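As the structure is a computational prediction, the values presented were derived from the model and not from experiment. Order of the sequence lines sets the chain letters (A, B, ...), proteins ahead of strands, with each chain counted from 1.
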Amino acid sequence: MTNHEQTNPENKNLVEGRTGLWEVVIGLEVHAQVSSQSKLFSGSSPSFGAGPNEHVSLVDAAMPGMLPVINQFCVEQAVKTGLGLNAEVNLFSVFDRKNYFYADLPQGYQISQYKQPIIGEGVITIDLKDGTSREIGIERLHLEQDAGKSMHDQHPSKSYIDLNRSGVALMEIVSKPDMRSAEEAAAYVTKLRSILRFLGTCDGNMEEGSMRADVNVSVRRPGDEFGTRTETKNLNSIRFISQAINAEVARQIEIIEDGGVIDQETRLFDTSTGLTRSMRSKEDAHDYRYFPDPDLLPLVFEQSWVDGIKANLPELPDALKARLMDQYGLSPYDATVIAEDLETAAFYEKVAAGRDAKLASNWMTVELFGALNKLGKTLAESPVSPEQLGALVGLISDGTISGRIAKDVFAEMIETSGDPDAIIEEKGLKQVSDTGAIEAMIDDVLANNQDKVDEYRGGKDKLFGFFVGQVMKASKGQANPGVVNQMLKSKLDG
Amino acid sequence: MSVDKTTVSRVARLARINIDDDRLEPMAQELSAIMSWIEQLNEVNTDDVEPLASVTGHALPMREDVVSDGDMAEKVVQNAPESMSGFFVVPKVVE
């Protein structure tokens, strides 16, 4: 396939420059930390938050004579991830040394996989905000070691090195250059993160560095060959990925339109300005002198072992989304939001159990998520349990309270974690559907507003709303609006 | 394949080995001689031979996923020229 054939004729994401339209081409390299008890080639812990160099073995510190021994579970996690990405699993793969010099890389090389990775080509489906979906190709996934961490702000002329991350197992997941906008790149990372979390192969915690992305961006005229790309490294949130892409696209278009050329280079994203800048030029940076690691034999396993892993894969986001749409009648957008992680889906299924599924989805994605956002809390910290939210939805459906009153009850639930029944009882918020009580209120309102009744009967139809408002006010909002409307109409017109 | 002075100095820089200017030319000649000796291997026909990854025929040994090491920060930094509160301390390397 030649490059220009990959232009999507329906690409609505073209960017307007001063001299015409530009197409953006994006590929991502995501580094995902393998969820495991110990590191890739040593028996020390990869967990976050230990004191400096506490989770370091003599292997991780690259002491002379230390030899790497691979963690079988990390291999299994990589295979599982490959299967979740609908990718080819290579029964034979090779570990190579990627040589470069840096203070937080004690070996002087990273053990990685180069020409023969454990996982080959695959594909995932991303879900866009307008409810549509697109397929994005996966180029490969390989296992590699993480490096240590340097701190440059502790001392005026020294850097402090902590090797706790040194040797932690990473999966580098490389996409094909299939994305055409920052939104698609964000949707790709969101989906990848969901898949990894459903599989349990990476916790997807971007704040703690369990997932980071390098973004390759170039621009071209629609239909042209690929332009020269830049690589912006080490982005640790989906928001930063979007910002870095948009900044890079604007920068590249401006340079080309001014008659310049793009340098193929590595750039850094400055979170304070939202812009990218060139890393100090290092002509040798990409001369990694890969060669097979003589300390490690090739990684070989049986197809039957892969089949066993495949047989035990959990339900993945796409299957869950399809089931939510099918079983609960949710829209693609709502289903995507709820299928993003397992906790959300489990919460939803408890809220919706035996109730109006659509109403349950609205209350969860609009009211509950809105309230949690305001409180800065996660779903796991929600003051309202799924059973309580479900009960509230049930009370709306059976007419015990109106949707408007439900919002007051919900606000109280968020505040006190109380049960909706108790709150309604305590505050006397039960919706009045009793026709006798409503009729008395209507009679009262009509008697007190005889002049308006005459005007209405004289043809001023618009006053109907006034009467409804008066009755609802008299009932403190608790009268069933449907019953009020119906009875008023028959009394006024009858 | 012959190795010139520029290549020698680049490889030396990548390997963090200091070579004085007057040693570059002799080093280039020595390396060129070694390379041409190795190039004799090109005479062997390897058209139908798979690349050899190991001569032992053993499988890659693996270990269980358990924490069995670490928790020795003091030992890890013991030989460092400079350390501070468990960290290695090195000349500032900032990008």
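Other residues, nucleotides and ligands place no more than 12 heavy atoms under 6.0 Å from the NZ atom of A:Lys149. Within 6.0 Å of atom CD in A:Glu208, more than 12 heavy atoms from other residues, nucleotides or ligands are found, so the atom counts as buried in its surroundings. At most 12 non-hydrogen atoms from other residues, nucleotides or ligands lie less than 6.0 angstrom from OH of A:Tyr114. Other residues, nucleotides and ligands contribute only 12 or fewer heavy atoms inside 6.0 Å of the CG atom of B:Asp21. In A:Glu302, the CD atom is not crowded: 12 or fewer heavy atoms of neighbouring residues, nucleotides or ligands sit closer than 6.0 Å. When the shell of 6.0 Å around CG of B:Asp48 is examined, it contains 12 or fewer heavy atoms from other residues, nucleotides or ligands.
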Kindly list each side-chain donor-acceptor pair under 3.5 angstrom involving residues 58-66 of chain B, sequence neighbours excluded, with atom names and distances?
{"residue": "B:Arg63", "atom": "NE", "partner": "A:Val69", "partner atom": "O", "Å": "3.0"}
{"residue": "B:Arg63", "atom": "NH1", "partner": "A:Ser38", "partner atom": "OG", "Å": "3.3"}
{"residue": "B:Arg63", "atom": "NH2", "partner": "A:Lys39", "partner atom": "O", "Å": "2.6"}
{"residue": "B:Arg63", "atom": "NH2", "partner": "A:Ser42", "partner atom": "O", "Å": "2.5"}
{"residue": "B:Asp65", "atom": "OD1", "partner": "A:Gln37", "partner atom": "N", "Å": "3.2"}
{"residue": "B:Asp65", "atom": "OD1", "partner": "A:Ser38", "partner atom": "N", "Å": "2.8"}
{"residue": "B:Asp65", "atom": "OD1", "partner": "A:Ser38", "partner atom": "OG", "Å": "2.8"}
{"residue": "B:Asp65", "atom": "OD1", "partner": "A:Asn71", "partner atom": "ND2", "Å": "2.8"}
{"residue": "B:Asp65", "atom": "OD2", "partner": "A:Gln37", "partner atom": "N", "Å": "2.9"}

Taking only distance into account, with no hydrogens and no angle test, what donor-acceptor pairs under 3.5 Å do side-chain atoms of residues 29-37 of chain B form with protein atoms, sequence neighbours excluded?
{"residue": "B:Gln29", "atom": "NE2", "partner": "B:Glu25", "partner atom": "OE2", "Å": "3.4"}
{"residue": "B:Ser32", "atom": "OG", "partner": "B:Val3", "partner atom": "N", "Å": "2.7"}
{"residue": "B:Ser32", "atom": "OG", "partner": "B:Val3", "partner atom": "O", "Å": "3.3"}
{"residue": "B:Ser32", "atom": "OG", "partner": "B:Ala28", "partner atom": "O", "Å": "2.9"}
{"residue": "B:Ser36", "atom": "OG", "partner": "B:Ala33", "partner atom": "O", "Å": "3.0"}

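Per-residue heavy-atom pair counts under 4.5 Å with chain B were compared for A:Asn53, A:Asn164, A:Asp60, A:Leu296, and the maximum is reached by A:Asn53.
Using a 4.5 Å cut-off between non-hydrogen atoms, the part of residues 78-90 of chain B that approaches chain A consists of B:Glu82, B:Met84, B:Ser85, B:Gly86, B:Phe87, B:Phe88, B:Val89, B:Val90.
Using a 4.5 Å cut-off between heavy atoms, A:Ser157 touches chain B through its backbone atoms (N, CA, C, O) alone. Both the backbone and the side chain of A:Pro298 come within less than 4.5 Å of a heavy atom in chain B. Looking at A:Pro46, neither its backbone nor its side chain comes within 4.5 Å of chain B, counting heavy atoms on both sides. Neither the backbone nor the side chain of A:Leu67 comes within contact range of chain B; no heavy atoms are under 4.5 Å apart. At a 4.5 Å heavy-atom cutoff, the contact between A:Phe41 and chain B is made by backbone atoms alone.
Residue pairs meeting the ring-ring contact (aromatic ring centres under 6.0 Å, His included) criterion with at least one partner in residues 45-67 of chain A, sequence neighbours excluded, do not occur; the list is empty.
The backbone N or O of B:Val93 lies less than 3.5 Å from a partner atom in the side chain of A:Ser159, making a donor-acceptor pair.
Contact between A:Arg289 and B:Ala15 at its shortest, heavy atoms only, is NH1-N, 4.5 Å. Taking each heavy atom of B:Ala73 and A:Pro52 in turn, the nearest pair found is CB-O, 3.6 Å.
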**Item:** A:Val56 and B:Met72: CA distance, side-chain angles, deciding distance, side-chain contact (heavy atoms from CB on, under 4.5 Å) verdict
**Value:** CA-CA 7 Å; A:Val56 178; B:Met72 49 169 145; over 6 Å; no
